[in-house]
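Any value given below was found using the heavy atoms of this structure, including those in side chains, with hydrogens, waters and symmetry copies removed. Each residue takes its place number in the sequence, starting with 1.
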Amino acid sequence: MKTVKGMKDPKGKILMSFIFFMFFMGSALSTQGRPDLLVDTAWVAAHAYDRNVRVVDMRMRGFAEGHIPGAVPLENDLIRIANRPPTFLPTEAEFEQLMARRGISNQTRVVVYDDRGGIYAARLWFVLNAFGHSNVALLDGGWTKWIKEGRPTTSAPTDVHAPVPGMFRAKLNAGMVATAADVVAAIGKPGVKIVDARTQAEIEGRDLRGIKRGGAVPSAVPVYWEDTLNLEARTFKSRAEIEKLYLDRGVGPNDEAIIYCQVGMRASHDAFTLALIGRTKFRVYYGSWEEWGNREDLPIKKEQVQGSRFRVQASR
């Protein structure tokens, strides 16, 4: 192609404009966030009995004594199978039955709450998304905020219609779930951040919690799950605050994140907060430290406090 005399070749400018546009779009996704992933107490009070809404109580205890009217309970250990590597998830058929028995179909808007700032609720959020159901939100502030506001509770069981075959169809999205092999491949890999949602004591290997080995995955960065919360109210911090937290830990908007904890609850919470700020490139290592720390073939690092300095020990 000939260039007209006196005119500059525009290709360079077009390329630079395209690169700038793509960068801007990636940044915009992060700053816009996903406000649809949270609902407030007023919304739940108004919509808990809507035909296309199901409120799920993920607290460890207390449902029989009192819960949000219209809510149904779900036990945490039903959505993670401890002896089922590499994903530790229920089968698609098992999950379909769990949802159908609670009146949840593929058209249902699911709202989940607990009493600890979302640590249990976010696990169901993750598993629902992993099985292809993205129409799910957390109640911001959960049971803590509901009670503080003096909203009504009931001890009566919620009337759930008998499950209809085909109400809920699950299809596993393997792109949301990381295995131990995926984590090994991600260690030190550019563009991938392994995120540890546990306490500093666990990361340092001082708090084993029944696991054979203590420490952390090599190259992992800590983002403790409660750092995303306003602790007294058990509500989520602003998107700007959560974004800053991840950026300060080196988890950039274009990085892929693989998140782990001990048994996938705190990791799911971190994953939820990444989604909340608009990030889409993340996976949860659902086997987490319960698998990693009990397998002798997987590498670990230990950070030991010596005065004001850390000493890192890598071992297998």
Side-chain angles (χ1 to χ4, degrees), residues 29-30 32-39 52-58 72 74-81 84 86-114 117-140 142 167-179 182-183 193 195 197 223 225 228 236 239 242 246 251 255-261 263-288:
L29 271 176
S30 184
Q32 287 174 5
R34 290 281 309 280
D36 59 300
L37 296 181
L38 287 176
V39 297
N52 66 330
V53 172
R54 176 62 71 208
V55 179
V56 181
D57 186 319
M58 290 292 292
V72 296
L74 179 62
E75 297 81 6
N76 247 292
D77 57 3
L78 295 179
I79 56 174
R80 184 182 183 273
I81 315 301
R84 195 177 289 171
T87 68
F88 297 86
L89 288 164
T91 66
E92 291 174 348
E94 288 169 341
F95 193 68
E96 287 173 354
Q97 292 177 9
L98 280 176
M99 296 300 99
R101 288 170 183 163
R102 285 154 182 84
I104 295 172
S105 76
N106 292 117
Q107 287 72 48
T108 303
R109 171 70 162 161
V110 181
V111 176
V112 199
Y113 74 91
D114 60 35
I119 186 174
Y120 308 130
R123 187 193 244 188
L124 179 58
W125 171 86
F126 160 68
V127 176
L128 276 165
N129 275 271
F131 280 116
H133 190 83
S134 60
N135 191 8
V136 52
L138 267 58
L139 171 57
D140 197 17
M167 279 183 66
F168 189 94
R169 284 286 180 242
K171 179 65 176 177
L172 180 62
N173 176 9
M176 288 197 67
V177 186
T179 66
D182 294 326
V183 178
K193 300 295 184 183
V195 176
V223 182
W225 73 280
T228 64
F236 286 88
R239 290 194 297 277
I242 296 172
Y246 282 103
V251 186
D255 289 326
E256 178 191 356
I258 296 179
I259 317 154
Y260 75 96
C261 56
V263 289
M265 288 188 289
R266 292 172 287 180
S268 296
H269 195 280
D270 271 9
F272 177 81
T273 58
L274 281 170
L276 194 61
I277 62 175
R279 306 280 186 95
T280 58
K281 295 166 61 177
F282 58 82
R283 289 182 283 170
V284 170
Y285 171 34
Y286 210 35
S288 281

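One distance of note links CG of Leu37 with CD1 of Ile277; it measures 11.5 Å at 0.5 Å rounding. In this structure, CZ in Arg279 is found 12.5 Å from CD in Glu256, a value given to the nearest 0.5 Å. Rounding to the nearest 0.5 Å gives a distance of 7.5 Å between CZ of Arg283 and OG1 of Thr179. For the atom pair CZ of Arg169 and CD of Glu96, the computed distance is 5.0 Å after rounding to the nearest 0.5 Å. Distance check: Asn52 CG to Gln107 CD gives 9.5 Å after rounding to the nearest 0.5 Å. For the atom pair CD (Gln97) and CD (Glu92), the distance works out to 12.5 Å, reported to the nearest 0.5 Å.
The salt bridge (Lys or Arg N to Asp or Glu O under 4.0 Å) search around Asp255 returns none, not counting sequence neighbours. Tyr286 is linked by a ring pair (Phe, Tyr, Trp, His ring centres under 6.0 Å) to Phe126, counting only residues two or more places apart in sequence or in another chain. Take Arg84 and apply the salt bridge (Lys or Arg N to Asp or Glu O under 4.0 Å) test, not counting sequence neighbours, and it matches Glu94. Remark: Phe131 engages Phe95 in a ring pair (Phe, Tyr, Trp, His ring centres under 6.0 Å) (not counting sequence neighbours). For Arg123, the salt bridge (Lys or Arg N to Asp or Glu O under 4.0 Å) criterion is met by no residue, not counting sequence neighbours. Residues meeting the salt bridge (Lys or Arg N to Asp or Glu O under 4.0 Å) test with Asp140, sequence neighbours left out: none.
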Worked verdict on Phe168 versus His133 for side-chain contact (heavy atoms from CB on, under 4.5 Å): CA-CA 9 Å; Phe168 189 94; His133 190 83; 3.9 Å; yes
side-chain contact (heavy atoms from CB on, under 4.5 Å) between Val263 and Ser288, worked out: CA-CA 6 Å; Val263 289; Ser288 281; 5.7 Å; no
Worked verdict on Val136 versus Leu124 for side-chain contact (heavy atoms from CB on, under 4.5 Å): CA-CA 9 Å; Val136 52; Leu124 179 58; 5.8 Å; no
Stepwise side-chain contact (heavy atoms from CB on, under 4.5 Å) test for Ile104 and Val56: CA-CA 10 Å; Ile104 295 172; Val56 181; 4.1 Å; yes
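Minimum heavy-atom separation, Asp270 to Ala197: OD2-CB, 3.4 Å. The shortest non-hydrogen separation linking Ala122 to Leu138 is N-CD2, 4.0 Å. For Met99 against Leu74, the heavy-atom pair with the smallest separation is CE-CD2, 4.1 Å. Annotation for Arg54 and Val72: closest pair CD-CG2, 3.6 Å, computed over non-hydrogen atoms. The two atoms that bring Ile79 and Leu89 nearest to each other are O-CD2, 4.4 Å, heavy atoms only. Scanning all heavy atoms of the two residues, the minimum distance from Thr108 to Val53 falls at CG2-C, 4.0 Å.
Considering only heavy atoms from C-beta on, Phe236 comes within 4.5 Å of Leu38 through its side chain. You'll find the side chain of Leu274 stays beyond 4.5 Å of the side chain of Val195, heavy atoms only. Side-chain contact between Val284 and Met176 is absent, with no heavy-atom pair separated by less than 4.5 Å.
Between Glu75 and the options Arg102, Arg80, Arg101, a salt bridge (charged side-chain N to carboxylate O under 4.0 Å, His left out) holds for only Arg102. Put simply, the residue from Trp225, Trp125, Phe282 that forms a side-chain contact (heavy atoms from CB on, under 4.5 Å) with Phe272 is Trp125.
At distances below 3.5 Å, not a single donor-acceptor pair connects side-chain atoms of Asn173 with backbone N or O atoms of Gly132.
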